[in-house]
Each structure stands twice: as structure tokens, then as C-alpha cells.
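To start, the structure itself, in C-alpha cells.
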Amino acid sequence: MTAVPSAPVVRRRLAADEWMMRGAVLAVAGALILGVGLPLYTMLSKSIEDKNGALVGFANYAKYFETPALRQSIANSITISAAVMVITVGLAFVFAYGLTRSCMPAKGLFKAIALVPLLAPSLLPAIALIYLFGKQGLLKGALFGQEIYGPIGMLLGEVFYCFPHALIILVTAFSLSDQRLYEAAQSLRASSLRTFLTVTVPGVRYGLISSAFVVFTLVITDFGVPKVVGGWYNVLATDIYKQVIGQQNFQMGAVVSVLLIIPAVFAFGVNQIVRRRQVALLSARAVAFQPKPSAMRDWCLFGFSALVAFCIMAILATAAAASFVKFWPYNLSTWLGHYDFSNTDGGGWRAYRNSIEMSAWTALFGTAIVFVGAYLTEKIRGFAAVRAAVHFLAMIPMAVPGLVLGLAYIFFFNSPANPLNFLYHTMAILVICTIVHFYTVAHLTAVTALKQMDPEFEAVGASLKVPAYVTFWRVSLPIAMPALLDISIYLFVNAMTTVSAVVFIYAPATALASVAVLNMDDAGDTAPAAAMAMMIVYTSATVRVLHWLATRRIARRSTAWQRR
Amino acid sequence: MADRARGRGAPYLRVIDVSKRYGDFEALKNVSLDVWEGEFVCFLGPSGCGKTTLLRAIAGLDVQTSGRIEQGGQDISGLPVSQRDFGIVFQSYALFPNLTVAANIGYGLSPRRMGRAAVERRVAELLDMVGLSDSGAKYPGQLSGGEQQRVALARALAPSPGLLLLDEPLSALDARVRLHLRQQIKALQRRLGVTTIMVTHDQEEALTMADRIAVMSQGKVEQIGTPNEIYQRPSGRFVADFVGTMNVIEAELLAGGLARAGALELRCEAPGLAGGPVAVCFRPEDIIVRNIESHGANVVAAELNDLEFFGSYYRARLTITPGSFPVLAEFSTNAVVDLGIRAGQSIKVALPPSRLRVFSRQQ
């Protein structure tokens with residue numbers, strides 16, 4: 001149809017600010033390749049090498065599967081993860097239903113309590129369980145002679161640890177439902193059971209799938225609970241630790257890591273699909289659901305929620321109590337001595353200060369690089385390949401368990417051939433590793449915030465001859481401030497509580513509070529371990545409250561933009 | 001004013017053979033058009049016709065795949081947005097919500113280059129110009145949609161650009177505000193004499209505001225001309241159909257300017273058409289019901305199915321008896337009263353040959 005198909009293609013010339021943005025996005029891509037791509041690549045290649053670095057193909061894998069004890073770990077990991085998944089999602093489903101679909105009292109309090117486990121390392125519930133059900137436990141009899149060390153303890157600890165993660169997803173899913181569907185069901189005289197089965201459950205099915213996979217992945221990759229309370233019940237996560245720290249068998253550690261990535265990648269893939277569907281579910285015209293009171297239902301849900309909240313608080317209170325009493329359970333007088341960490345392993349108060357420092361740097365640099373990276377991938381015109389690469393690299397960390405990332409960092413940064421070797425055993429590598437570990441969620445939060453902005457801000461700025469970085473500074477950044485705060489608090493709290501990624505790469509001088517909990521517990525200093533775990537909880541809680549106050553202030557200021 | 005400018009001197013903006021491809025999809029196909037200084041040109045067309053793509057190519061936001069764009073004699077084809085000379089108003093306004101109205105308007109004015117006092121003066125002047133003198137300290141979120149639109153306009157005009165681009169600027173507003181703003185924008189454009197291009201899918205907007213309209217369809221400019229030309233002498237079936245209401249009768253063109261559609265024969269003027277399948281088009285107001293004898297040609301019988309009152313005129317649904325073609329007609333209220341026309345009647349109407357537009361149906 002076109003007469004001259006080969007008209008010369010117009011070459012778009014770039015302004016100075018556009019060159020800068022492209023340079024910056026290349027820098028972010030480079031940083032992500034160094035922080036994500038190359039370490040993982042090194043780890044994958046280690047799994048097919050022998051101790052001397054010669055290529056041996058799948059020999060390590062073959063050896064792994066010939067070892068019955070290691071094979072047993074796979075079965076154990078899958079069993080415990082599946083069990084925790086079923087229980088946690090079940091509990092969270094009812095709890096979320098109560099929060100969103102009933103008129104029960106104290107919803108705000110229940111929700112706040114349900115999110116408490118996010119403030120603690122997963123070591124904390126395990127330690128608390130030992131105090132409750134261990135050899136000197138108060139409630140030892142409740143186990144009918146069974147030991148808490150083993151699958152029972154793991155089950156209980158993991159449910160505590162995973163509950164808020166499942167709850168957040170399900171609450172979101174429930175609150176996305178459309179009131180009009182319920183009105184339609186009512187006008188068609190559907191029974192409440194039928195309405196529940198045909199409207200409620202289908203409406204949250206993606207949330208159910210998503211939360212199930214998230215919980216499964218969390219459990220199979222968690223290290224804190226099985227380390228403390230797993231006992232003889234070996235799982236993949238503790239196997240990595242034993243292979244690497246115990247036997248210095250890095251190749252076998254790499255093999256287990258690769259196995260551990262598989263379920264995580266799978267869960268990640270499912271989550272991506274589900275996320276896309278869930279968005280499509282809610283039309284713009286949907287009407288938010290408003291529950292109507294129903295005494296029977298509301299009080300049943302209240303009773304259930306109160307019981308769950310009580311259990312969560314009981315675990316936390318046990319850890320707090322254990323840290324404050326002289327000698328559980330024989331001498332219950334109050335004592336602050338467990339908070340004097342000078343006679344214990346793990347680094348003591350220095351480790352705590354290190355944790356604060358590490359979390360602060362992680363929040364600061366992490367938020368900066370995540371937001372700038374997300375901004376560039378969203379706002380640059382053209383340069384599609386690099387933008388897609390940054391986005392892809394940003395999504396990878398979600399599918400990489402912390403232990404695996406930590407091990408990959410040993411392989412990559414400890415190699416003498418690596419010019420970045422000087423980072424090894426420094427605070428910097430802990431910060432980098434932690435930023436990378438939690439990159440994906442932070443990145444997605446930033447992308448969501450940016451997508452909500454008018455896409456033409458930059459175009460308007462450019463047409464008025466204002467450089468892109470000025471518009472970024474004067475407009476995009478202030479508007480995104482709530483999201484930036486969310487990202488920084490998320491990074492801070494996770495940096496405080498994480499054990500898995502950093503346990504391989506900390507040095508004596510850079511010991512961290514969460515690792516100190518682990519080491520003190522290992523050395524039998526359970527009460528100081530509980531004290532340190534509680535220090536982490538106090539800190540995370542304080543930061544959360546500060547964040548809440550800051551968000552309120554910003555919200556008040558930005559309402560000046562919106563209201564008369 | 002625009003008519004005077006046209007044909008005299010060089011065009012201010014020239015779009016020459018511009019094409020835009022997204023993969024296999026051709027969003028613009030060899031588009032060429034000229035805009036003279038001070039002109040108000042509308043790109044009119046249905047969604048997906050390429051009008052916004054063309055505007056964004058002129059702005060440099062989505063540079064064309066091939067072809068040339070010149071502004072003020074300079075080739076700007078590949079220039080970055082920031083090195084072009086235009087102000088733009090988007091459909092969403094894209095006002096900065098965290099800056100006051102005054103800061104929004106002054107966004108493109110550099111206090112370093114102009115001096116703070118000069119910036120403040122200019123902002124005050126623009127606020128006054130768009131009738132928002134008291135709103136400088138407010139935030140955009142505190143203004144109504146129409147007021148926000150005026151802020152966006154003032155912001156675009158602040159650096160006195162040579163070209164003003166408006167991308168569906170009125171489509172997010174309700175009807176009354178839209179009508180009012182239409183006149184305001186037009187008056188402002190006249191006063192400032194700034195060359196303006198507006199993209200719209202609303203034919204009424206284009207007809208009332210533009211000096212010239214470029215009607216676009218499927219990535220091509222179908223016709224460019226004054227609103228009158230576009231309405232009275234559409235160059236093709238698409239333009240005829242898209243702008244205003246048009247009755248279409250598919251017919252066979254015979255020798256001697258006679259078009260036959262079944263039992264209906266219409267005399268028409270079709271210079272340049274050899275014969276074969278054609279579409280005979282005429283507007284509702286071109287169906288004559290008064291003094292039909294004086295017209296002589298093309299007087300046909302029709303059934304009046306339905307009359308709808310619109311105040312100064314009636315809209316009538318007719319079936320032309322020979323061939324039973326349904327058509328729409330507009331009869332003035334006077335004619336309806338004087339002739340005692342009522343629904344259900346059989347009447348005679350004339351279709352003057354000079355008002356019939358004949359387009360070939362062969363592509």
C-alpha cells in the first residue's frame with residue numbers, strides 16, 4: 001500500500017537530561033547485576049563444580065540424592081510446609097473474614113496484634129515455645145509426652161511467623177469485593193451459605209492461592225524456627241547451614257540452595273499470574289462492601305479472633321517474660337540481667353548497635369536506589385531493553401530465599417579474583433545483601449506509587465524546558481513521599497529481623513542482633529537470646545510508631561493539596 | 001485572519017510525509033499538512049485515527065518513524081521535547097498537585113533568568129488572563145475541573161510559546177463548563193494570536209473553534225479545510241459521515257448524471273465520476289419541503305413516519321416511497337406549521353441536485 005516503504009527513519013536526538021537518565025538507569029542495572037545476577041550465577045555454577053573448581057556436571061546432585069538423610073530433609077520440608085500452609089491459611093481466612101465482613105468489636109486491636117509477628121525474627125516464637133513447652137515448660141503437659149523439639153514446635157512457630165503474611169493478603173482480597181454482588185445474591189434469595197460459597201469464596205480465591213504459596217515458600221525457606229526448635233527433624237534450610245557452617249561443604253550447600261530455589265520460583269510464578277487476575281477482578285465501578293451486624297456471626301468471629309490474638313500475645317509475652325525473670329521457671333523475680341549481654345556469645349550490645357546501623361543504612365540507601373530505579377524504569381522514553389532488564393532483575397530477589405542469597409554472596413564476594421573482594425566482612429556487604437534480599441516488594445511498592453501519578457508530568461516539565469531531574473525533585477518525589485516512607489520502614493524492620501541472608505556473611509566486628517539471638521540460643525543462653533529478640537521487637541515497634549506519626553503528618557500536609 | 005495568512009508567506013508549521021509505526025501497526029500513514037502562523041487548527045477524528053499520535057509527534061513526545069516536521073523554518077523532526085517551542089495542555093491537565101496554582105503557572109519561568117519580580121508579574125498577568133486572580137495560593141485539588149483546565153492553559157502559555165498544543169482539553173468536563181470554556185479558549189487564542197493545534201473527537205467543538213479542521217481516519221488526513229468547507233463539501237464518504245448527520249443512499253451512477261437505486265432515480269452533479277457504484281449523500285436540512293415545485297428536479301413522494309420537536313425545527317423520519325429508503329430530514333418549525341405537516345402523512349419532498357454529494361463506492 002505504501003508507495004515508498006524505505007523512507008529514512010527519523011533519529012530521535014536526546015536532551016542532556018535524557019542522557020543523564022539513561023546513564024543512571026544503566027548504573028542501576030549494573031548495580032543489580034552485581035548484587036543479584038552475578039552472585040546467583042556463581043552459586044549455580046558452584047553446584048556443578050567439585051571442591052577444586054573443576055566442572056563435574058550433576059555429580060553433586062547425584063551424591064545428594066544418594067544420601068538418605070538429606071533426601072529425608074526434602075520430604076520433611078515439604079510435609080511441614082504443607083501442614084503450616086493449611087493451618088495458617090485456614091486461621092487467617094477466618095480472621096480476615098472477621099476483620100472485613102463482620103461487625104465484631106475491637107477489629108483495630110485484633111488487626112494490630114495480628115501484625116505483631118512481623119516485628120520479630122522467626123527465632124522469637126521458637127524460643128518462646130521452648131519456654132512454654134520445653135523440658136521446664138509451663139505447659140509441658142499439654143503435649144502429652146511429645147517433645148516440642150521437632151515437627152510440633154516447628155509447626156507452631158511457623159504458624160506464628162507466617163500468620164500476618166497470609167492475613168495481609170487475605171484482608172486485601174476480602175476488601176476488594178463488590179457490595180453489588182451481595183445485593184444481587186440477596187435479591188435472588190440465595191441462602192447465606194450459598195452466598196458464601198458462590199460469592200465470597202470465588203471472590204477471594206486468588207487471595208487464597210496467593211497466600212497459600214506465600215506461606216509455603218516462607219516455611220520452606222525459613223531458617224530461624226527449625227534452627228531453634230527443629231531438633232532431630234531436618235529440613236532443607238537447616239541442611240544448608242550445616243553443610244556450609246558445620247562441614248564447610250560449599251558445593252553441597254549450593255546444591256541444597258538450588259533445590260530450595262525451585263519451590264520459591266514456582267510460588268513466585270503463581271503469584272505473578274494471580275496478581276494479574278486479581279486486578280482484573282475489581283471493576284472501577286465496584287462498591288465497597290459494608291457488613292451489617294449479625295449477633296451470632298459477629299460474636300463467634302469475635303471469640304475466634306480473640307483466641308488467635310491471645311495466642312499471638314501469649315507467645316510474645318512469654319518471650320518478654322523470659323527476658324525479665326531471673327531463672328525460668330524456678331525463680332520468677334524480675335531481673336534485667338539478661339539484657340546485660342557482656343557474658344554471652346553473639347556480640348552483645350555491639351551487635352544490637354550494628355543492627356540499628358545496618359537497618360538504617362539499608363532503609364536509606366535501599367529506599368534511594370529502589371525509588372530511583374523504579375522511577376527510571378517507569379519514566380524513561382525508549383531504551384526499552386535496559387528498562388525491562390532492570391525490572392526483571394528487580395523481580396528476581398523475591399524468588400531467592402535469604403539463605404541462598406547469603407551463600408551466593410559468600411561465593412561471589414569471597415572469591416579472591418573478585419575486585420569487590422574488599423567488601424567481604426564489612427558492614428557494606430550486609431547492607432547490600434539486605435537491600436537485595438528485600439528489593440522486590442520495595443520495587444513493586446515504588447512502581448505502584450509511580451503508576452498512580454499522572455504520566456504526563458515529565459512531558460509537561462520538558463515542554464516548559466525544565467530538566468527531568470528538577471521535575472523529579474519538585475514533583476514526583478514529594479508526591480511519592482508516603483510510598484517512600486512505606487518502603488523505608490519495610491526495609492528497616494526486615495533488616496532488623498532477618499537472619500537467613502546475613503548469617504553467612506557477618507563478621508565478628510559486624511555481628512547483628514538477630515544473629516546474636518541465634519548464637520546465644522545455640523550456646524544455651526536462652527534467656528539472653530529472648531532478651532535480644534525482644535530488643536528487636538521493641539525497636540521495630542518504636543520505628544513503626546514513628547512511621548505512623550510521620551505518615552499522619554504527611555497525610556495532613558497533603559490534604560492541604562486536596563481539600564478546600 | 002487565518003484566511004488572510006493562508007497562501008501568503010511560508011507556513012509556520014509543516015508536517016511533511018510523516019509516518020509512525022508501532023511494530024506492524026501503522027498509526028500514521030504519510031501525513032502532510034501545513035499550519036500558518038496564528039491559525040487554530042483542529043485534528044478531528046474517531047478514537048484510534050492517529051490524531052493524538054500526530055500531536056505527540058509534533059511535540060516530540062513520540063517521534064515519528066519517518067518524515068519531516070518543520071516549525072518556523074527549522075527542521076525539528078528529531079529534536080528532544082525540551083528543545084522545541086510549544087506549550088501543551090493534556091486531557092488530564094497534569095497539574096502538579098503539590099504545588100500551588102501560582103507555582104504551577106510559574107513552573108516554566110526561571111527566576112534565575114528572568115528575575116523573581118518578573119516571574120511574579122508574569123504569573124499575576126496569566127492568572128488575570130484566565131480569570132483566576134484570587135486563586136494563586138490555592139492548590140489544584142481545591143479548584144473545579146474547569147478552573148484546573150484554565151490553570152493548565154496558563155501554565156502552557158506562560159513562557160509565550162510559538163505553538164500551543166491542546167490534547168482533548170475539554171473532554172473531561174461536563175457539558176455546560178465545556179461550552180463556556182470553548183468560547184474562552186477561542187477568545188484567548190484570538191487575542192494572543194498563538195498558533196494552536198487542538199485534538200478532539202467532538203465535531204461540534206471542532207466546527208465552532210477551529211479556523212481549519214483536519215479530519216483524520218485510520219492514520220490519514222481525509223480532508224483539511226475550513227469548518228464550512230468540511231461541512232458543505234466533504235471530500236469523501238468518511239468525512240461526510242463523520243461530520244454532521246448524513247443520509248446515504250447506495251446507488252448506481254448511470255450516464256447523464258442519473259443515479260439509480262432500485263425504483264428511485266435521482267439527478268445529480270457528479271463531475272469526474274465515470275459511473276458505477278456510488279453513494280449519494282445529503283444532509284437532513286437539504287431535504288426541501290417548501291416550494292418544491294420551483295426545484296423541478298428530484299421531487300419524490302415520501303411517508304412521514306415520525307416528527308420530533310427540537311424547538312426551532314423538527315426532525316422527521318421519512319421513508320422515500322420509491323425504493324423505500326429511510327432518511328432523516330429537518331424541517332423548520334415554520335414550514336411544519338404553515339404546511340400543516342403531521343406524522344403519518346404522505347408528502348412530497350425535493351432533493352436539489354446541487355445539494356447531493358456523490359462518492360464512488362469503488363476503492
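In this structure, chain B has heavy atoms under 4.5 Å from both the backbone and the side chain of Val9(A). Only the side chain of Arg56(B) comes within contact range of chain A, with at least one heavy atom under 4.5 Å from a heavy atom of that chain. Contact of Arg12(A) with chain B is made through backbone and side chain together, with heavy-atom distances under 4.5 Å. No part of Ser476(A) comes within reach of chain B, as not one of its non-hydrogen atoms sits under 4.5 angstrom from that chain. For chain B, the nearby parts of Glu456(A) are the backbone and the side chain; heavy atoms of each come within less than 4.5 Å.
Taking chain A as the reference chain and counting heavy-atom pairs below 4.5 Å, the highest number among Ser66(B), Ala59(B), Ser92(B), Gly78(B) is found for Gly78(B). Here Val475(A) is the residue among Asp17(A), Leu14(A), Val466(A), Val475(A) with the most heavy-atom pairs under 4.5 Å with chain B. For the set Leu95(B), Thr100(B), Leu109(B), Asp62(B), the entry with the most heavy-atom pairs within less than 4.5 Å of chain A is Leu95(B). Ranked by non-hydrogen atom pairs under 4.5 Å with chain A, the options Tyr93(B), Tyr107(B), Phe86(B) are led by Tyr107(B).
Between Ser32(B) and Asp17(B), the side chains place no donor N or O within less than 3.5 Å of an acceptor N or O (distance only, hydrogens not considered). A donor-acceptor pair shorter than 3.5 Å can be found between the side chains of Asp75(B) and Ser77(B).
The number of heavy-atom neighbours closer than 6.0 Å to CD of Gln218(B), taken from other residues, nucleotides and ligands shown, is 12 or below. The environment of NZ in Lys111(A) is sparse: at most 12 heavy-atom neighbours from other residues, nucleotides or ligands sit within 6.0 Å.
Between Glu147(B) and Arg150(B), none of the side-chain N atoms (NZ, or NE/NH1/NH2) sits under 4.0 Å from a carboxylate O, so this pair counts as no salt bridge.
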side-chain contact (heavy atoms from CB on, under 4.5 Å) between Leu376(A) and Val386(A), worked out: CA-CA 10 Å; Leu376(A) 294 169; Val386(A) 178; over 6 Å; no
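Cation-pi check for Arg22(A) over Phe383(A) is met; the charged atom lies under 6.0 angstrom from the ring centroid and within 45 degrees of its normal.
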